[in-house]
Amino acid sequence: MDDQTRMMTGLTGLGGLAQADVGDPDSVRKQQSLGQPQQDIGDILQQIMAITDESLDEAQARKHALNCHRMKPALFSVLCEIKEKTVLSIRGVQEEDPPDPQIMRLDNMLLAEGVSGPEKGGGSAAAAAAAAAAGGSPTDSSIEHSDYRAKLAQIRQIYHSELEKYEQACSEFTNHVMNLLREQSRTRPISPKEIERMVAIIHRKFSSIQMQLKQSTCEAVMILRSRFLDARRKRRNFNKQATEVLNEYFYSHLSNPYPSEEAKEELAKKCGITVSQVSNWFGNKRIRYKKNIGKFQEEANLYAVKTAVDAANVSAQASQANSPATPNSGTTRSISSTHIGFPFLLTSFSSYV
DNA sequence: ACGGATGATTGGAT
DNA sequence: ATCCAATCATCCGT
């Protein structure tokens with residue numbers, strides 16, 4: 001405000017001086033009454049138009065003269081100051097916004113997935129694949145895993161090369177703009193602060209591109225995850241021994257095929273699967289058995305005989321070692337129960353035994 | 001390629 | 001929280 005008024009008076013003062021140089025005092029007074037600023041502008045415009053008629057050499061000479069004028073630095077600094085103030089008053093509020101939460105989320109996810117973190121993929125995935133191929137214990141999951149790792153490494157590589165490309169383009173463009181502005185700052189008032197601001201604007205633009213890259217990378221990782229790590233997709237049948245153990249328990253507890261938490265844990269341990277897998281198995285088994293008992297009759301008999309034989313062996317060993325005390329009466333029950341049909345609906349059946 | 005088998009998930013009921 | 005029932009997605013023998 002204060003500066004601006006000072007500038008205005010200064011400019012009119014200059015204008016007045018110029019006029020005084022040119023003509024007589026009378027005309028000056030007349031122009032002042034008409035409105036001097038308009039006249040000045042008209043003059044300036046005329047001068048600008050005249051430049052286009054000048055030869056290149058003349059224009060260069062004029063430019064040089066202007067650059068060498070002793071008042072030029074002072075004038076430029078004043079103009080820069082005014083510009084700075086105007087810009088700040090227009091949009092000085094939204095400076096230095098905090099880091100975008102969205103981009104932070106994306107960064108965190110990429111870091112967690114090992115895409116943007118320190119280098120650790122690549123070779124190790126190949127090593128895992130080699131180890132799986134070489135032998136040892138080439139479980140299915142490790143093969144799946146190495147496949148997943150390889151795909152992840154691919155995404156990671158694309159991400160990094162794209163990121164590098166963007167960064168390079170960004171710095172190139174920034175340099176270009178900075179050079180351009182520095183060059184132009186010789187002929188028009190551009191403060192270093194303004195250049196800084198321009199650079200910040202460029203960086204913001206490029207970071208929005210970067211966010212798009214991060215977002216699409218995240219999407220790719222999510223798709224990969226859902227393809228490879230979704231348990232349902234890479235379902236493997238349990239091995240024969242595990243199925244046998246589970247079936248044995250199921251058919252020998254046909255009257256009440258609901259293993260307790262402890263029983264589930266033990267079965268899980270025996271079968272090398274999780275407790276929830278045991279629960280799933282029993283859930284599926286119960287419903288499927290109930291739906292079609294006839295179909296499972298053969299299986300039921302098989303396991304009933306099997307447990308009977310096992311029990312006989314155990315009791316034989318026991319009688320060998322100790323006295324022939326109590327033979328497992330449960331075996332006879334399980335054989336008979338398979339013929340009942342809907343055994344585990346008879347909840348009080350166990351009271352017979 | 002196809003269909004049944006099978007492990008996992010989902011939604012509702014208790 | 002657990003179970004049932006339906007359903008999905010994959011496996012696997014033919």
Side-chain angles (χ1 to χ4, degrees), chain A residues 109 112-113 125 128-129 131-133 135-152 154-155 218-307 310 330 333-334 337-353:
Chain A
M109 194 198 140
E113 295 299 333
S137 58
T139 53
D140 294 339
S141 67
S142 84
I143 290 168
E144 292 277 329
H145 200 65
S146 77
D147 203 4
Y148 170 77
R149 292 284 293 268
K151 285 274 196 320
L152 193 65
Q154 207 178 327
I155 288 175
C218 277
E219 271 168 31
V221 171
M222 292 311 279
I223 289 165
L224 185 70
R225 275 181 80 89
S226 68
R227 253 212 88 53
F228 278 87
L229 298 187
D230 183 0
R232 196 145 77 165
R233 288 186 184 277
K234 54 150 199 175
R235 183 179 71 75
R236 287 284 115 97
N237 291 356
F238 299 153
N239 61 42
K240 216 171 172 186
Q241 190 234 329
T243 318
E244 233 162 79
V245 169
L246 292 167
N247 271 319
E248 250 168 60
Y249 188 97
F250 180 79
Y251 288 111
S252 64
H253 297 74
L254 206 50
S255 61
N256 187 33
Y258 296 88
S260 65
E261 194 58 35
E262 296 83 59
K264 278 182 193 172
E265 272 168 33
E266 200 182 320
L267 284 167
K269 213 165 151 190
K270 263 194 208 168
C271 301
I273 58 178
T274 67
V275 173
S276 61
Q277 279 179 308
V278 173
S279 297
N280 283 339
W281 189 91
F282 273 89
N284 283 322
K285 191 72 184 181
R286 282 191 299 263
I287 194 74
R288 283 164 186 164
Y289 180 83
K290 200 182 89 174
K291 262 187 174 174
N292 193 351
I293 296 165
K295 198 175 75 184
F296 288 93
Q297 198 57 242
E298 204 180 322
E299 190 180 65
N301 287 331
L302 192 89
Y303 279 99
V305 169
K306 203 170 154 59
T307 48
D310 286 354
R333 174 180 61 76
S334 69
S337 68
T338 57
H339 298 291
I340 289 172
F342 247 115
F344 55 79
L345 291 183
L346 305 170
T347 47
S348 61
F349 184 73
S350 55
S351 63
Y352 289 127
V353 187

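We name chains A, B, ... by the order of the sequence lines, and we start the count at 1 in each one. When reading the values below, keep in mind they use all heavy atoms of this one structure, side chains included, and skip hydrogens, waters and symmetry mates.
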Could you tell me the separation between the [atom1] atom of [X] and the [atom2] atom of [N], rounded to a whole number of Å?
X      : N      : atom1 : atom2 : value
A/F282 : B/dG7  : CZ    : C1'   : 14 Å
A/K240 : C/dC11 : NZ    : C1'   : 16 Å
A/K290 : C/dC3  : NZ    : C1'   : 11 Å
A/N284 : C/dC11 : CG    : P     : 17 Å
A/I287 : B/dT9  : CD1   : C1'   : 15 Å

Hey, does [Y] have a side-chain heavy atom less than 4.5 Å from the side chain of [X]?
X      : Y      : answer
A/L267 : A/W281 : no
A/E299 : A/Y289 : no
A/N247 : A/L302 : no

Filtered N/O pairs between nucleotides 3-6 of chain B and protein, under 3.5 Å:
from  : atom 1 : to     : atom 2 : distance (Å)
B/dT6 : O2     : A/R235 : NE     : 3.2
B/dT6 : O2     : A/R235 : NH1    : 3.3
B/dT6 : O2     : A/R235 : NH2    : 2.9

From C/dC3, B/dT9, C/dA6, nucleotide with atom closest to A/K291 side chain: C/dA6

N or O in side chain of A/Q277 less than 4.0 angstrom from B/dA8 OP1/OP2: yes

From CA spacing to verdict: side chain to side chain contact (heavy atoms under 4.5 Å, CB included), A/F282, A/Y258: CA-CA 8 Å; A/F282 273 89; A/Y258 296 88; over 6 Å; no

Pair A/E248 + A/K270, salt bridge at N-O below 4.0 Å: no

Heavy-atom neighbours of A/E244 CD exceed 12 at 6.0 Å: yes

Under the salt bridge (Lys or Arg N to Asp or Glu O under 4.0 Å) test, residues paired with A/K264 that sit two or more places apart: none

Working for side chain to side chain contact (heavy atoms under 4.5 Å, CB included), residues A/E265 and A/V278: CA-CA 8 Å; A/E265 272 168 33; A/V278 173; over 6 Å; no

Relative orientation of the end axes in the helix from B/dA1-C/dT14 to B/dT14-C/dA1, expressed as an angle to the nearest 10° (five pairs per end): 10°

